[in-house]
Amino acid sequence: MTTVHWFRKGLRLHDNPALLAAVKEGAELRPVFVLDPWFVKHARVGINRWRFLSQALRDLDDSLRKLKSRLFVVRGSPEEVFPALFKKWDVQKITWEIDTEPYAQRRDEKVERLARESGVEVVCRHGHTLYRTEKIIEANLGKAPLTYVSLEKVVSKLGHPPKPVDTLNDLPESCHVRGEAATDVSYDVPSLKELGVEESQLEPCLYPGGETEALARLKIYMERKSWVCKFEKPKTSPTSLQPSTTVLSPYLKFGCLSPRVMYHQLIQIYKGSAHSKPPVSLLGQLLWREFFYTVGAVTPNFDRMEGNTVCRQIPWVRDDKLMDAWTNARTGYPFIDAIMTQLRKEGWIHHLSRHAVACFLTRGDLWQPWEDGMKVFEELLLDADWFLNAGNWMWLSASAFFNSYFRVYSPIAFGKNTDKHGDYIRKYLPQLAKYPENYIYEPWKAPLATQRAAGCIIGQDYPRPIVDHSIVMKRNLDRMAKAYKAGKEKKASSDNQSSPKKKMKK
DNA sequence: TCTGGCGTTGTTCCC
DNA sequence: GGGGAACAACGCCAG
């Protein structure tokens with residue numbers, strides 16, 4: 001008799017309630033990760049995130065082997081894999097951490113049904129967010145909080161989230177993996193090649209995946225107590241050559257780090273000291289995560305404009321050329337192109353950099369649908385998280401949550417706030433490195449002699465700007481005003497229809 | 001039921 | 001260079 005713990009997110013041994021539930025009765029434990037070859041081929045996962053995942057799996061496998069267990073990476077789709085495993089391993093029980101993403105919900109429903117059909121008990125535990133999403137919705141009278149303020153209020157009613165559970169530090173002998181299974185290489189962690197990653201295309205690894213790395217990184221930052229207490233997100237710099245924030249997001253995304261562990265460490269550090277507060281504090285960042293997880297869970301079509309009940313309908317105009325230029329760092333705006341280069345190379349960019357390029361792609365300059373930008377982020381970001389990615393793209397495109405659409409980031413001025421000399425641009429766009437400070441953000445304005453002296457002719461060695469920011473920004477403000485007005489009128493007419501009383505009054 | 005205040009992170013111009 | 005206004009503004013919530 002065996003118990004399977006199915007790892008998906010939650011790639012950790014600390015604060016993992018579902019994993020603890022798997023070892024409770026002392027049956028042999030089979031920790032499983034399912035690698036679907038179809039997914040490997042078709043998913044929007046770039047090489048950096050595949051590398052991160054493979055490192056996280058290897059770390060998990062190493063940790064499990066120290067406990068006389070191992071990770072079984074099983075190839076196939078979950079629906080095919082599990083019925084076979086249930087039989088082959090004489091499985092009695094399967095446990096997993098709840099995943100609220102719509103695709104995961106559908107997947108888990110199917111596996112749960114298959115498990116029932118095989119007489120296998122299914123045990124699900126919560127652990128990916130601070131609170132159980134449904135508890136927040138319940139406390140907010142059945143609705144998702146649509147503003148950060150309302151989320152904060154609901155959460156304060158609930159009190160602190162539960163304390164982390166014990167780390168799986170040792171396994172009773174009965175749980176050890178025995179026999180041939182312990183050394184069966186067909187279940188080994190996949191190589192990069194198996195994940196379709198051409199190693200020669202990889203840049204040096206700045207953020208290695210895995211729980212060990214996550215906890216080490218958390219420790220380093222939590223030891224900087226005064227920095228933690230002073231942390232205010234909007235005051236951190238997007239142009240810093242070393243990250244000015246913690247870069248714990250990829251670890252939270254994969255569940256290499258438990259948000260509750262981070263939360264309770266922050267509470268301890270804050271105790272007795274003056275400290276920054278949500279929404280700008282580090283704790284506030286965890287609450288933002290919670291916010292998008294909560295709204296996203298009860299909003300249909302959260303990752304699309306159409307049929308999305310919180311998303312304003314805006315008539316974006318798809319243009320492959322503009323989209324392509326943005327995606328491949330060829331907009332001709334060095335600040336934008338530098339950010340997109342950092343994203344592709346390193347898999348992580350500062351939050352405000354995300355603002356700058358997302359605004360530029362959508363309402364600010366290129367008028368492209370936010371969904372298209374979201375898909376590029378989904379591929380390239382190590383921390384690409386379904387709820388946060390969709391939520392933030394709606395925010396930045398002023399489609400939901402945020403409506404001051406006239407606050408447009410300038411692709412020229414914004415970077416100068418924290419980087420007058422343009423060191424950030426010089427790092428990521430070395431072809432522009434020799435430009436003088438007064439032209440680095442607008443190289444097309446440099447006289448030809450200056451361009452020659454810098455060894456980079458605009459229109460030849462670096463593109464001309466694809467749009468004129470000052471012109472398209474004004475046109476887009478006008479388009480936004482029209483879209484807002486149309487939305488308002490549509491809402492008014494549907495309100496009248498749904499509530500005749502109001503109509504009579506008017 | 002109405003009203004006024006406010007919201008994580010803009011820019012430019014003017015004094 | 002610091003501060004304030006203009007740009008034009010939705011939806012929630014306390015009072």
Side-chain angles (χ1 to χ4, degrees), chain A residues 140-141 143-157 230-240 244-245 249 275-292 295 299 309-314 333 335-336 339 349-360 362-365 388 391-392 394-420 441-442 469-492 495 499 501-502 504-506:
Chain A
N140 198 46
L141 309 173
K143 294 173 300 180
L146 287 175
T147 62
Y148 183 85
V149 174
S150 57
L151 175 103
E152 233 181 30
K153 270 186 197 140
V154 181
V155 154
S156 72
K157 269 195 266 178
K230 284 186 193 133
F231 184 93
E232 291 182 38
K233 187 69 165 274
K235 289 190 181 158
T236 58
S237 164
T239 50
S240 162
S244 58
T245 52
S249 51
H275 60 86
S276 56
K277 301 259 156 63
V280 295
S281 64
L282 273 175
L283 192 94
Q285 305 314 303
L286 288 174
L287 294 178
W288 276 107
R289 180 173 180 270
E290 206 74 8
F291 173 67
F292 288 121
V295 191
T299 305
T309 47
V310 301
C311 182
R312 193 177 303 281
Q313 304 297 301
I314 295 169
Y333 284 93
F335 184 56
I336 300 299
I339 295 170
I349 49 178
H350 186 273
H351 190 62
L352 292 176
S353 304
R354 302 178 195 206
H355 279 219
V357 295
C359 181
F360 185 86
T362 57
R363 66 189 167 89
D365 295 78
L388 276 53
N392 278 307
M394 281 188 265
W395 184 293
L396 261 305
S397 60
S399 298
F401 313 117
F402 171 83
N403 12 285
S404 300
Y405 61 77
F406 42 86
R407 290 188 197 164
V408 178
Y409 291 85
S410 160
I412 298 152
F414 186 64
K416 290 182 189 171
N417 291 337
T418 48
D419 184 18
K420 196 161 165 281
Y441 284 89
E442 307 167 273
H469 172 69
S470 58
I471 292 171
V472 294
M473 181 200 62
K474 288 196 190 89
R475 181 200 61 186
N476 291 348
L477 280 176
D478 195 49
R479 283 166 151 178
M480 285 304 280
K482 285 204 176 83
Y484 269 53
K485 208 168 154 225
K488 212 175 178 179
E489 278 162 11
K490 204 176 168 198
K491 193 175 176 289
D495 279 358
S499 135
K501 264 187 195 170
K502 267 187 190 166
M504 278 165 72
K505 256 191 170 175
K506 274 175 190 167

Open item on the list: What's the gap between dT1(B) and dC13(C) when it is taken at their C1' atoms, as a whole Å value?
Closed with: 14 Å

Open item on the list: Can you check the distance between dT12(B) and dC10(C), where both ends of the measurement are the C1' atom (answer in whole Å)?
Closed with: 24 Å

Task: Donor-acceptor side-chain pairing of His469(A) and Tyr333(A) below 3.5 angstrom - done: no

Open item on the list: Using whole Å, what does the distance between atom C1' of nucleotide dG11(C) and atom OH of Tyr405(A) come to?
Closed with: 15 Å

- [ ] Using a 4.0 Å heavy-atom cut-off across all strands, classify Val280(A) as base, sugar-phosphate, or nothing.
- [x] base

Task: Contact check, side chains of Arg354(A) and Asn392(A), non-hydrogen atoms, under 4.5 Å - done: no

TODO: Using the P atom as the reference point in each nucleotide, state the distance between dA6(C) and dG5(B) in Å, no decimals.
DONE: 16 Å

Task: Minimum-distance pair of heavy atoms, taken over all atoms of Thr239(A) and Gly415(A) - done: CG2-O, 4.0 Å

Open item on the list: Could you tell me if His275(A) and Ser281(A) have a donor-acceptor pair between their side chains, going purely by distance under 3.5 Å?
Closed with: no

Open item on the list: Rounding to an integer number of angstrom, what distance separates dA14(C) and dT8(B) when you compare their P atoms?
Closed with: 15 Å

- [ ] Whole angstrom is fine here: how far is it from CD in Glu152(A) over to C1' in dC6(B)?
- [x] 14 Å

Open item on the list: Measure CE/Met473(A) against C1'/dA8(C) and give the value in whole Å, please.
Closed with: 14 Å

Open item on the list: Please report the distance, rounded to the nearest Å, between CZ in Arg363(A) and P in dA8(C).
Closed with: 15 Å

- [ ] Nearest whole angstrom, please: distance from the C1' of dG11(C) to the CG of Asn140(A).
- [x] 14 Å

- [ ] Calculate the interatomic distance between Leu141(A) atom CG and dC13(C) atom C1'; express it in whole Å.
- [x] 14 Å

TODO: Under 4.0 Å between any heavy atoms, over every strand shown, what does Lys153(A) touch: base, sugar-phosphate, or nothing? Just pick one.
DONE: sugar-phosphate

Open item on the list: For DNA chain C, which residues of residues 475-483 of chain A approach it to below 4.0 angstrom with any heavy atom?
Closed with: none

TODO: Please measure how far the P atom in dC6(B) lies from the corresponding atom in dA5(C), and state the result in whole Å.
DONE: 14 Å

Open item on the list: Do Tyr441(A) and Asp419(A) have side chains that approach each other closer than 4.5 Å (heavy atoms only, starting at C-beta)?
Closed with: yes

Task: Separation of atom CD1 in Ile314(A) from atom C1' in dC10(C), rounded to whole Å - done: 12 Å

Task: Heavy atoms of other groups near Lys157(A) NZ, more than 12 under 6.0 Å - done: yes

Open item on the list: A side-chain contact here means heavy atoms from C-beta on lying under 4.5 Å apart; do Ser240(A) and His350(A) qualify?
Closed with: no

- [ ] Verify whether the ring centers belonging to Phe335(A) and Phe360(A) lie closer than 6.0 Å.
- [x] no

- [ ] Measure the acute angle between the ring planes of Phe401(A) and Phe291(A), then classify it against the limits of 30° and 60° as parallel, tilted or perpendicular.
- [x] perpendicular

Open item on the list: I want to check something: taking the side chain as every heavy atom from C-beta on, are Phe414(A) and Leu352(A) in contact at a cut-off of under 4.5 Å?
Closed with: yes

Open item on the list: With heavy-atom distances below 4.5 Å as the criterion, would you say the side chains of Cys359(A) and Val408(A) are in contact?
Closed with: yes

- [ ] Please check the phosphate of dA9(C) (OP1 and OP2 only) for any side-chain N or O of Tyr484(A) closer than 4.0 Å.
- [x] no

Task: Cationic N near anionic O, under 4.0 Å, Asp478(A) to Lys474(A) - done: no

Provide a list of protein-nucleic acid N or O atom pairs under 3.5 angstrom, restricted to nucleotides 9-13 of chain B.
from	atom 1	to	atom 2	distance (Å)
dT9(B)	O2	Pro234(A)	N	3.2
dT9(B)	O4	His351(A)	NE2	2.9
dT11(B)	OP1	Ser410(A)	N	3.0

Task: Pairing stems for DNA chain B [at least three consecutive pairs; Watson-Crick or G-U; under 3.5 angstrom] - done: B:2-7 with C:10-15, B:10-15 with C:2-7

- [ ] Measure the distance from CD on Glu489(A) to P on dA9(C) and round it to the nearest whole Å.
- [x] 13 Å

